[in-house]
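Scroll down for the structure; my scribbles are underneath it.
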Amino acid sequence: MGSGQWSVENRAPLKNEALVSEYEPETGCLSIIVLGASGDLAKKKTFPALFHLYRQGFIQSHDVHIFGYARTKISDNDLRDRIRGYLTPCKGFESTHEEDVGQFLQLIKYVAGAYDTEEGFRSLDKAISEYELSKNSTEGSSRRLFYLALPPSVYPSVCKMIKSYCMNKSDLGGWTRIVVEKPFGKDLESAEELSAQIGELFEEPQIYRIDHYLGKELVQNLMVLRFANRFFLPLWNRDNISNIQIVFREDFGTEGRGGYFDQYGIIRDIIQNHLLQVLCLVAMEKPVSLKPEHVRDEKVKVLQSVLPIEDNEVVLGQYEGYRDDPTVPDNSNTPTFATMVLRIHNERWEGVPFIMKAGKALNSRKAEIRVQFKDVPGDIYKCQKQGRNEFVIRLQPSEAMYMKLTVKQPGLEMHTAQSELDLSYRQRYQQTVIPEAYERLILDTIRGDQQHFVRRDELKAAWEIFTPLLHKIDRGEVKSVPYKPGSRGPEGADKLAEKAGFVQTHGYIWIPPTL
């Protein structure tokens, strides 16, 4: 270069920046152990998710084996027969479905045993070890994933047994991971006690607290929408947004689960976990990177900024007929419906109410996020009464996102009307298989990605928000008012939303486009 002449230097080609997360496949055979294998959750969710991962090639028959463990004394074939009916065809592979099911079921072995005795878990470890030896796996390089499809009451004893008898023997690149299902306790004290018991046995990177809402396609799209699109950046704050609703509605009741549901209620069952996780993704600041800890740090900051819930910003309901279930106490105050306002005390969201709504036995079934913007100043078209701009993300059913806006009605006259810009997934992505939430989250556990799982301090912060209100409900200080099945819920709920600033749009109904 000293001669003043130019030189050409070859540089390494740039990686495809669109591929945000790059997973390096691990070596070492994989054992997936489903504890509670004979229960409903395992049959309806866990095993079907594993089947679809297998069919799509994410888990391979040459390096994975699946073990079912439960107290029921049945054979391998008995378990396979119980599961078979729940394994639905994968889109595009219908013609080979029966063959695929047969091959998948041969990967499953069953071990019977108690959840609190040494004998059963020694038998389980023996079965896993025999499989690992058959694959010539180097001791310590194999991977063991324990999925606890069990009630939380047995988590401590099961985790103790796994730690004592079923761990990967040494650290040569292998691992042992634990997946636990909600509910993670009933209040702050019980959640912290459960966390402490599991935390004494396993490190936080080994623990995957699963909330299946975080695996839903549209929930996973929230961060992309917010942080990869320029036009949302200046709008997503208190200067432009009037209120945000996060809604979960079911058109059926407890359907034979009344006794179980009555121990928890709609707040513990839906709002404290599913809807609060959605709120975190809607309200969080942009993380430093997409590393799981950076994302979860920002979620915790949101939760720590939520103000205590005011009693006058809560409406509880219980549908008529709920107590007819013989497993439900005659004097039950357990809410099957709740609407409440959460307020976030920070620079972005000060003054913006987050209206959380969940209920059973209502007039429709849906889960959605509804971001309602403020009125247009200087309304020269006199169209304010028609409704505000809204950005709606429909999580289920009929996954979609649409922007509700005011347009000129076609014709010679200057009339305005409400319409929408619409992205409906069934229409736009007809050839794409949208995975079930459990498929995505189980794959994340295999890959060691904890971004979509709940961290211990996150769980603690969530319970700190709701525990005072839940204790008041348990003591009968806040009452559930009756509402008719098939209605919108208690009348007070709509009045609370209106008081918080939500403006109902009359005469406009979003209709999902047909194919």
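- More than 12 heavy atoms of other shown residues, nucleotides or ligands fall within 6.0 angstrom of atom NE2 in His294.
- Pairing each heavy atom of Leu218 with each of Arg394, the nearest pair is CG-O, 3.6 Å.
- Residues Pro490 and Val315 come closest through the heavy atom pair CB-CG1, 4.1 Å.
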*Go through the steps to decide whether Val328 and Gln318 satisfy the test side chain to side chain contact (heavy atoms under 4.5 Å, CB included), and finish with yes or no.*
CA-CA 12 Å; Val328 174; Gln318 187 184 89; over 6 Å; no
*Derivation of the side chain to side chain contact (heavy atoms under 4.5 Å, CB included) call for Leu50 and Val34*: CA-CA 10 Å; Leu50 290 171; Val34 181; 4.2 Å; yes
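- Checking Thr334 against Asp262 by side-chain atom types alone, a donor-acceptor pair falls below 3.5 Å.
- Side-chain contact, His52 with Glu436: no donor N or O sits under 3.5 Å from an acceptor N or O.
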_Is there a side chain to side chain contact (heavy atoms under 4.5 Å, CB included) between Leu395 and Phe248? Walk through the geometry before answering._
CA-CA 9 Å; Leu395 305 178; Phe248 174 94; over 6 Å; no
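- In this structure, CG in Asn346 is found 5.0 Å from OG in Ser305, a value given to the nearest 0.5 Å.
- Looking at Arg365 and Arg249, their side chains never come closer than 4.5 Å, going by heavy atoms from C-beta outward.
- Across Arg455, Arg209, Arg456, a single residue satisfies salt bridge (Lys or Arg N to Asp or Glu O under 4.0 Å) together with Glu204, and that is Arg209.
- In this structure, Glu320 and Pro482 approach most closely via the heavy-atom pair CG-CB, 4.1 Å.
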*Would you check, one step at a time, whether the test side-chain hydrogen bond (donor to acceptor under 3.5 Å, both in side chains) holds for Asp187 with Thr467?*
CA-CA 5 Å; Asp187 57 11; Thr467 293; 5.6 Å; no
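- Looking at Asp100 and Leu87, their side chains never come closer than 4.5 Å, going by heavy atoms from C-beta outward.
- Aromatic rings from Phe354 and Trp349 are positioned such that their centres are separated by under 6.0 Å.
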*Starting from the C-alpha separation in whole Å, work towards a yes-or-no answer on side chain to side chain contact (heavy atoms under 4.5 Å, CB included) for Leu214 and Phe453.*
CA-CA 7 Å; Leu214 289 174; Phe453 295 84; over 6 Å; no
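- With contacts defined as side-chain heavy-atom distances shorter than 4.5 Å, the pair Ile309/Phe466 qualifies.
- Few gaps surround CD on Glu255; more than 12 heavy atoms of other groups in view lie less than 6.0 Å from it.
- Side-chain atoms of Leu316 and Lys479, non-hydrogen and from C-beta on, never get closer than 4.5 Å to each other.
- Between Phe232 and Phe391, the distance separating the two ring centers is shorter than 6.0 angstrom.
- Residues Arg82 and Ser38 have side chains that never bring a donor and an acceptor to within less than 3.5 angstrom of each other.
- Ile83 has its side chain within reach of Ile108: a pair of non-hydrogen atoms, C-beta onward, lies under 4.5 Å apart.
- Here the two rings, on His97 and Phe51, have centers that are under 6.0 Å apart.
- Of all the heavy atoms in Pro48 and Ala42, the pair that sits closest is CD-O, 3.8 Å.
- Between Tyr438 and Tyr147, the closest side-chain pair of non-hydrogen atoms falls below 4.5 Å.
- Between the side chain of Asn333 and the main chain of Val478, a donor-acceptor pair closer than 3.5 Å is present.
- A donor and an acceptor atom, one from each side chain of Gln263 and Lys186, are nowhere located under 3.5 Å apart.
- Distance alone, capped at 3.5 Å, is enough to place a donor-acceptor pair between the Asp325 side chain and the Thr327 backbone.
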*asked:* The test is side-chain hydrogen bond (donor to acceptor under 3.5 Å, both in side chains); show your working for Arg177 and Thr445 and say whether it passes.
replied: CA-CA 8 Å; Arg177 292 174 185 152; Thr445 63; over 6 Å; no
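- Looking at Met223 and Leu281, their side chains come closer than 4.5 Å, going by heavy atoms from C-beta outward.
- Of all heavy-atom pairs between Ala462 and Leu303, the closest is N-CD1, 4.2 Å.
- Summarising the local packing, CD of Gln245 is surrounded by more than 12 heavy atoms from other residues, nucleotides or ligands at distances under 6.0 Å.
- A donor and an acceptor atom, one from each side chain of Glu390 and Tyr402, are nowhere located under 3.5 Å apart.
- For the residue pair Asn243 and Gln372, a side-chain donor N or O sits within less than 3.5 Å of a side-chain acceptor on the partner.
- Residue pairs meeting the side-chain hydrogen bond (donor to acceptor under 3.5 Å, both in side chains) criterion with at least one partner in residues 214-226, sequence neighbours excluded, are Lys216-Gln396, Glu217-Arg440, Gln220-Arg440, Gln220-His452, Asn221-Tyr425.
- Pairing each heavy atom of Arg343 with each of Gly351, the nearest pair is NH1-O, 4.4 Å.
- In this structure, Glu498 places its CD atom where only 12 or fewer heavy-atom neighbours from other residues, nucleotides or ligands lie under 6.0 Å away.
- In this structure, Phe337 has its ring center closer than 6.0 angstrom to the ring center of Tyr483.
- In this structure, a donor-acceptor pair under 3.5 Å is absent between the side chains of Arg323 and Ser332.
- Atom CG of residue Asn389 and atom CD1 of residue Ile241 lie 11.5 Å apart, to the nearest 0.5 angstrom.
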*Show your working on salt bridge (charged side-chain N to carboxylate O under 4.0 Å, His left out) between Asp211 and Lys182 and close with a plain yes or no.*
CA-CA 7 Å; Asp211 184 329; Lys182 79 171 186 73; over 6 Å; no
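- With a 4.5 Å cut-off on side-chain heavy atoms, Val282 and Ile369 count as touching.
- Heavy-atom neighbours of Lys374 NZ from other residues, nucleotides or ligands within 6.0 Å: above the threshold of 12.
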*Glu458 and Lys299: salt bridge (charged side-chain N to carboxylate O under 4.0 Å, His left out), yes or no, with the steps?*
CA-CA 7 Å; Glu458 189 180 342; Lys299 289 167 67 181; 3.1 Å; yes
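- Remark: the backbone N or O of Trp236 is paired with a side-chain donor or acceptor of Arg348 at under 3.5 angstrom.
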*asked:* Apply salt bridge (charged side-chain N to carboxylate O under 4.0 Å, His left out) to residues Lys404 and Asp422 and explain how you reach the verdict.
replied: CA-CA 9 Å; Lys404 189 153 69 71; Asp422 190 314; over 6 Å; no
